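Structure, as structure tokens:
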Protein chains: 2
Amino acid sequence: MERRDTRDTRFRLTIEYDGTDFVGWQLQTNGRSVQGIVEDALQHLFGQVVRVHGAGRTDAGVHADGQVAHFDLRTHLDAETIARALNAQLPEDVSIRHAEEVDAEFHARFSASSRAYVYRIAQERVSLERRTHWIVYAPLDHDHIREAVTRMHGTHDFVAFSKFSPKQTHHYCHVFSVVWEEGERVSSFHIRANRFLQGMVRCIVGGLIQVGRGRLTPGRFAEILSARDRSEAPMLAPPHGLTLTDVRYDPDERAVVSAIMRELASASR
Amino acid sequence: MERRDTRDTRFRLTIEYDGTDFVGWQLQTNGRSVQGIVEDALQHLFGQVVRVHGAGRTDAGVHADGQVAHFDLRTHLDAETIARALNAQLPEDVSIRHAEEVDAEFHARFSASSRAYVYRIAQERVSLERRTHWIVYAPLDHDHIREAVTRMHGTHDFVAFSKFSPKQTHHYCHVFSVVWEEGERVSSFHIRANRFLQGMVRCIVGGLIQVGRGRLTPGRFAEILSARDRSEAPMLAPPHGLTLTDVRYDPDERAVVSAIMRELASASR
């Protein structure tokens, strides 16, 4: 443990959690949230209310092994000691993987340039991995899925693939990378974008599985996306297949997204 | 579904299970066993008591993704149909991965030439994989562990690394392969042997972690093994890190083991 002067410090956490028994990341009046559990642990350790800000608001049942959050604390303890103390306090379905001091300007959510998710699908019955995989028994046409996946590269209005949210001013997301990884027993969908709308990855995966089962052509999938009509949205894939794996804070990514959003704004004027 | 004549058939199953909520493979008067759950499902489906014989008697909390079992049934159904029907009946922590018809001479336990286990160790706190990994926080000397592992190749009397069992006539096991796989976040111990004594892998791993933590030298580890004294046995590693991954029925492996056992018997005469 490194001794320091007592001072106001912003700490950044990397957090893993098994979402099975959570109502989601975000604090709610009813139910066990990850944010609430981490805030409770901090309050227990430091005797004060500490607000924790997360980068991604994962839904109930969604997991994370790379969620990022920050909080402010007046303390003489260093980040590593705080991580250890938190882990000793937290239930076993939440782990602090890393903690570090950051500048006061850092904001887990607003400074983030991109988030990455993986959605895991088992193509036969699994027991050991049942909590992190959606079991899909039907044979899948992986070529068709890959074709649909390719259409999502770049900037799109994803309103058709999201839950209704009155807070959104627009629904453009820039997809930095998107990959369908085909496996014999397990396949997975990887996506990194500057931001995600509520239910977006689960809705995309729901659509991709329809494509894989031959119930939707890759072309129709692309049409649903570009029609921007939520009534055409595919059914959501279940939450337990989804894991938030990484959050980036990359100035280059931010610059790319800012330029694209400026262009969209001037085009719509 | 393939239609066949109704006849007595022996079926071989490959079974996966999450051992968390089981008292082990073997049927017990109290508690939920994997064997009991599969027998219940067969009884429910076919209206008769069907005895299921497993290849490896995994302890409470130990997992499997390659357990093998057999049973006899007078039926016109083919193996694939039976697997599907069983899966529809089984709870989600047990899965039939494969089923096939076998000769009446096949015995899941007595025909097996070797079993393979993996023991998984997380070197930092994990939440998503906490049910299949033993978390060991102490830094490990992987070179020392590898040195101890190397000493286990070949045929040894493993009595010092087993629980007492009055049924054993001898404690020789032939280790076909044994590997320590070092990773940054997760390491794993892989072992294939003709047979395993009760608690053997967990006891070996308990010892290896002592070696890794510097509490036992690789030489002392080898001495404990060769001293054949159970009072020197290391503490058992917890069951949830252990998974039975494979059972082989290989005539060449059987021939090797038979030759070794004959030699040991003649040497002790």
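Just the heavy atoms: all of them, side chains too, but no hydrogens, waters or symmetry mates, feed the values below. All figures in this text were calculated on a predicted structure; none of them were measured in a lab. Letters A, B, ... mirror the listed sequences (proteins, then strands); counts begin at 1.
Residues of residues 119-130 of chain B having a heavy atom under 4.5 Å from any heavy atom of chain A, listed by number: B:Glu124, B:Arg125, B:Val126, B:Ser127, B:Leu128, B:Glu129, B:Arg130. Along residues 29-57 of chain B, no residue comes nearer than 4.5 angstrom to chain A, judged on non-hydrogen atoms.
Judged purely by atom type and a 3.5 angstrom limit, A:Thr75 uses its side chain to pair as donor or acceptor with the backbone of A:Leu77.
Between B:Asp59 and B:Arg202 a salt bridge is recorded (basic side-chain N to carboxylate O distance below 4.0 Å). At a threshold of 4.0 Å, the pair B:Arg131-A:Asp93 does not count as salt-bridged, since none of the basic side-chain nitrogens sits closer than that to a carboxylate oxygen.
For A:Ser177, the side chain to side chain contact (heavy atoms under 4.5 Å, CB included) partners at least two apart in sequence or on another chain are A:Arg192. Take B:Arg10 and apply the side chain to side chain contact (heavy atoms under 4.5 Å, CB included) test, not counting sequence neighbours, and it matches B:His70, B:Asp72, B:Val102.
Between A:Tyr249 and A:Phe106, the gap from one ring centroid to the other is short of 6.0 Å.
Summarising the geometry of B:Thr14 relative to B:Gly66, their closest heavy-atom pair is CG2-CA, 4.1 Å, with the distance given to 0.1 Å. Shown here for A:Arg97 and A:Asp65, the closest heavy-atom pair between the two residues is NH1-O, 3.2 Å.
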Worksheet entry | A:Phe189 and A:Val179: CA distance, side-chain angles, deciding distance, side-chain contact (heavy atoms from CB on, under 4.5 Å) verdict | CA-CA 6 Å; A:Phe189 173 69; A:Val179 174; over 6 Å; no
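Looking at A:Leu90, both its backbone and its side chain come within 4.5 Å of chain B, counting heavy atoms on both sides.
Tested against A:His144 for a side-chain contact (heavy atoms from CB on, under 4.5 Å), the candidates A:Val211, A:Leu208, A:Val149 yield a single pass: A:Val211.
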